Amino acid sequence: MPTLSSSTHCRSYCSSSNYGHHPTALSPKRFVPSKVFLQLNRKSWSNVVCMQDGALSAIVAPIESKSPSKKMTEEVLSVAPPEEWTETAGFDVNKDDSTVSITVVGASGDLAKKKIFPALFALFYEGCLPEHFTIFGYARSKMTDAELRNMVSRTLTCRIDQRENCSEKMDQFLNRCFYHSGQYDSQDNFAELDKKLKEHEGGRVSNRLFYLSIPPNIFVDAVKCASLSSSSTNGWTRVIVEKPFGRDSESSAALTKSLKQYLGEDQIFRIDHYLGKELVENLSVLRFSNLIFEPLWNRQYIRSVQLIFSEDFGTEGRGGYFDNYGIIRDIMQNHLLQILALFAMETPVSLDAEDIRNEKVKVLRSMRPIQLDDVVIGQYKSHTRAGVLYPGYTDDKTVPQNSLTPTFAAAALFIDNSRWDGVPFLMKAGKALHNKRAEIRVQFRHVPGNLYNRCFGTDLDQATNELVIRVQPDEAIYLKINNKVPGLGMRLDRSNLNLLYAARYSKEIPDAYERLLLDAIEGERRLFIRSDELDAAWSLFTPVLKELEEKKIIPEYYPYGSRGPVGAHYLAARYKVRWGDLGLEQ
Ligand SMILES: NC(=O)C1=CN([C@@H]2O[C@H](COP(=O)(O)OP(=O)(O)OC[C@H]3O[C@@H](n4cnc5c(N)ncnc54)[C@H](OP(=O)(O)O)[C@@H]3O)[C@@H](O)[C@H]2O)C=CC1
Ligand SMILES: O=C1O[C@H](COP(=O)(O)O)[C@@H](O)[C@H](O)[C@H]1O
């Protein structure tokens, strides 16, 4: 019987019972039920084996279409290993014989350089990529392999906590990177890529991941050509699609329909990189594994929930893209709404991707489409500070002079279900503001009949508890509580119970793209957007986006580097709350 070694050093999963549902997470000894699907080796992505009492009992078909569920486990336990599969695939339980090829489509672009190649290097550095992997850059620009390596090397950095052998590792990584120049709509060019991929795969089981890091108008062409000319013939083929997934319900549905001509839903990984951020991942842990929070997570105790995103720079360099989308589509409809769904969903049946995504869809479908009255929009204008001129949005040459595109928006959203009835979920997102931050603020209700009310004067809001989950920068979770100032008198103070990640953990937090790339390689879909989630998200925003555009609503102008339009304060005041990020002590 083969030895089972699942090298889970990249991620350590829950260590007791069947708490971690990811199949690679489970070791036979730890898993309480005696039956379990196990990915035999982290590096052998597609092979699933069936375990009984820690012993190999059957080799089952590749994992591609589904994450194995417990139900599936029960079903296949009685099935004998399909002989022809084991023979043709040459499956050897002791030998990892599959490859993963990652093709970055649009490799010459901003996102590829800034995020994707560095994330792949970080995964390689940490030993998280499979033994046989190859990275291909694909774009129209003419480049040699050496030129690609040179371009990529300029963006690579090593983790702060593990600098050993960094340059050696970089060289090893770069030697696995190659480039192929081609058009996005040429099946011939993708067929050439296929040929090169095959050479690198050397006859092994080939698994292929395509990362579409290109403008949205060429997504479908690229998917069509990649799917028809360079899909894997004996392993899985997956495609990571970057946002924007359309610009309203209709265009999003059309995009999904077009993609599905060439790919199954299980091959499409719609990325929202905010779901890969550490503190967004931690949201469910905080809520579902701490008794003190879940009982309070409802309208009875929570007065408002605020989702705040700000950047202290403008659209610099991306004005052309941005003007067609605006801040509501760029940040709110995806990043902030995804966080809201995770925050507000009911307890999922399990941590399996489908269970979580089912709950997210349910909560999104329980929401009211946003009303125009509940939206404030703004646009930044130029501002001079300390002798430096900061340009306005329309000063960008790629932006039309008369553009009404919002660079700031605030909105009130409501979930019409029994848990959240009447609780305002306030969103605020803006560019060119006074700071860079992303956070979730949970404002609790006043303490009824509070004995200490008089100690807070007229401002009872000073006394409410607030839980802040700071996604970035300086990741932290803190809870504002009231306490007595030490001494003989009775003076109250507000203090923070503070979990500051940098103080608590010495390890650097991985970038969101690392987590998501690893998930896509592993076939873990939990943090990717399913098409029905996307439809539900667009249904909420499409009517108001159309109204804003049709009525040509003029944004409130705010100076570059300010706190944004005052309209946002009136919006919060209408729901009798204040933005939590405005106080002196935040
Ligand atoms: N940059 C960012 O911070 C973020 C980007 N995204 C999304 O990721 C994707 C990639 O973004 P980004 O890297 O900024 O995009 P780029 O504008 O840098 O485009 C990427 C590559 O696509 C090719 N390309 C650009 N325009 C066209 C065109 N009109 N027709 C054909 N090919 C073109 C170019 O390669 P070549 O000419 O060599 O073929 C370019 O290097 C987009 O969908 C974007 O919305 C999402 C979040 C953040
Ligand atoms: O998706 C996007 O996100 C970035 C902000 O990402 P972050 O991880 O740096 O917070 C934003 O600048 C960009 O406009 C938007 O398209």
Side-chain angles (χ1 to χ4, degrees), residues 103-119 137-143 147-148 151-152 155 179-186 189 210-223 225 239-247 255 270-280 307-339 393 396 398 405-409 429-433 435-439 470-475 509-516 529:
T103 303
V104 182
V105 182
S108 54
D110 180 58
L111 186 73
K113 285 186 251 187
K114 215 168 59 184
K115 292 290 183 185
I116 306 171
F117 285 111
Y138 184 101
R140 297 171 308 177
S141 304
K142 300 279 175 237
M143 252 192 276
E147 282 163 340
L148 173 89
M151 180 195 89
V152 171
T155 65
Y179 185 74
H180 185 71
S181 165
Q183 300 295 320
Y184 302 108
D185 59 356
S186 163
N189 292 164
F210 292 86
Y211 195 127
L212 295 194
S213 183
I214 44 178
N217 57 318
I218 47 177
F219 282 172
V220 179
D221 283 340
V223 163
C225 297
V239 181
I240 299 182
V241 187
E242 261 294 349
K243 66 180 254 276
F245 314 117
R247 61 188 306 285
L255 175 63
R270 296 178 193 82
I271 199 166
D272 182 316
H273 76 280
Y274 265 64
L275 290 180
K277 296 206 181 244
E278 188 63 41
L279 267 79
V280 176
L307 303 144
I308 301 173
F309 167 96
S310 64
E311 276 180 344
D312 54 3
F313 49 88
T315 53
E316 282 113 59
R318 293 186 74 217
Y321 149 81
F322 192 87
D323 202 62
N324 194 25
Y325 291 90
I327 199 78
I328 298 179
R329 293 184 178 92
D330 192 44
I331 302 293
M332 284 186 165
Q333 180 273 346
N334 37 70
H335 303 330
L336 296 189
L337 190 64
Q338 283 297 319
I339 297 177
Y393 174 64
D396 183 332
T398 58
T405 299
T407 58
F408 173 98
K431 290 193 176 266
L433 294 173
N435 67 8
K436 177 169 165 55
R437 195 174 277 207
E439 60 190 13
R470 192 162 64 222
V471 176
Q472 64 187 33
D474 306 325
E475 290 83 348
I509 293 177
D511 186 77
Y513 283 87
E514 288 173 43
R515 188 189 313 279
L516 295 169
I529 319 288

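Computed from a predicted model, the values in this text were never measured in an experiment. Atoms within each ligand, like the ligands themselves, are counted from 1 in listed order.
At least one N/O-N/O distance between R140 and ligand 1 falls below 3.5 Å. The shortest N or O to N or O distance between S141 and ligand 1 is under 3.5 Å. Among the atoms of K243, some N or O lies under 3.5 angstrom from an N or O of ligand 1. In terms of N/O distances under 3.5 Å, ligand 1 is approached by L111. For ligand 1, the polar-atom distance check finds an N/O of I214 within less than 3.5 Å of one of the ligand's N/O atoms.
The shortest side-chain heavy-atom distance between K115 and H273 does not fall under the 4.5 Å cut-off. D272 places a side-chain heavy atom less than 4.5 Å from the side chain of H335.
To the nearest 0.5 angstrom, D511 atom CG is 11.5 Å from E278 atom CD. Taking OG1 from T103 and OH from Y211, the interatomic distance works out to 13.5 Å, rounded to the nearest 0.5 Å.
Heavy-atom separations between K115 and ligand 1 are all 4.0 Å or longer. Under a 4.0 Å heavy-atom criterion, K114 is in contact with ligand 1.
In terms of protein heavy atoms, atom 3 (O) of ligand 2 is closest to H273 CE1, 3.3 Å.
Y393 and F322 have perpendicular rings, their planes meeting at more than 60° on a 0 to 90° scale where under 30° would count as parallel.
Residue-level proximity to ligand 1 for I218 is carried by the side chain, the only part with a heavy atom below 4.0 angstrom. Only the side chain of Y274 comes within contact range of ligand 2, with a heavy atom under 4.0 Å; no backbone atom does.
Of all atoms in ligand 1, listed by their number and element, those nearer than 4.0 Å to a heavy atom of E242 are 6 (N), 7 (C), 8 (O), 46 (C), 47 (C). For ligand 2, the atoms lying closer than 4.0 Å to a non-hydrogen atom of K436 are 9 (O), 10 (O). Taking every non-hydrogen atom of A139 and a distance limit under 4.0 Å, the qualifying atoms of ligand 1 come out as 38 (O), 39 (O). Remark: ligand 1 atoms within the under-4.0 Å shell around heavy atoms of P244 are 45 (O).
Distance check for atom 43 (O) of ligand 1: a protein heavy atom is found below 4.0 Å.
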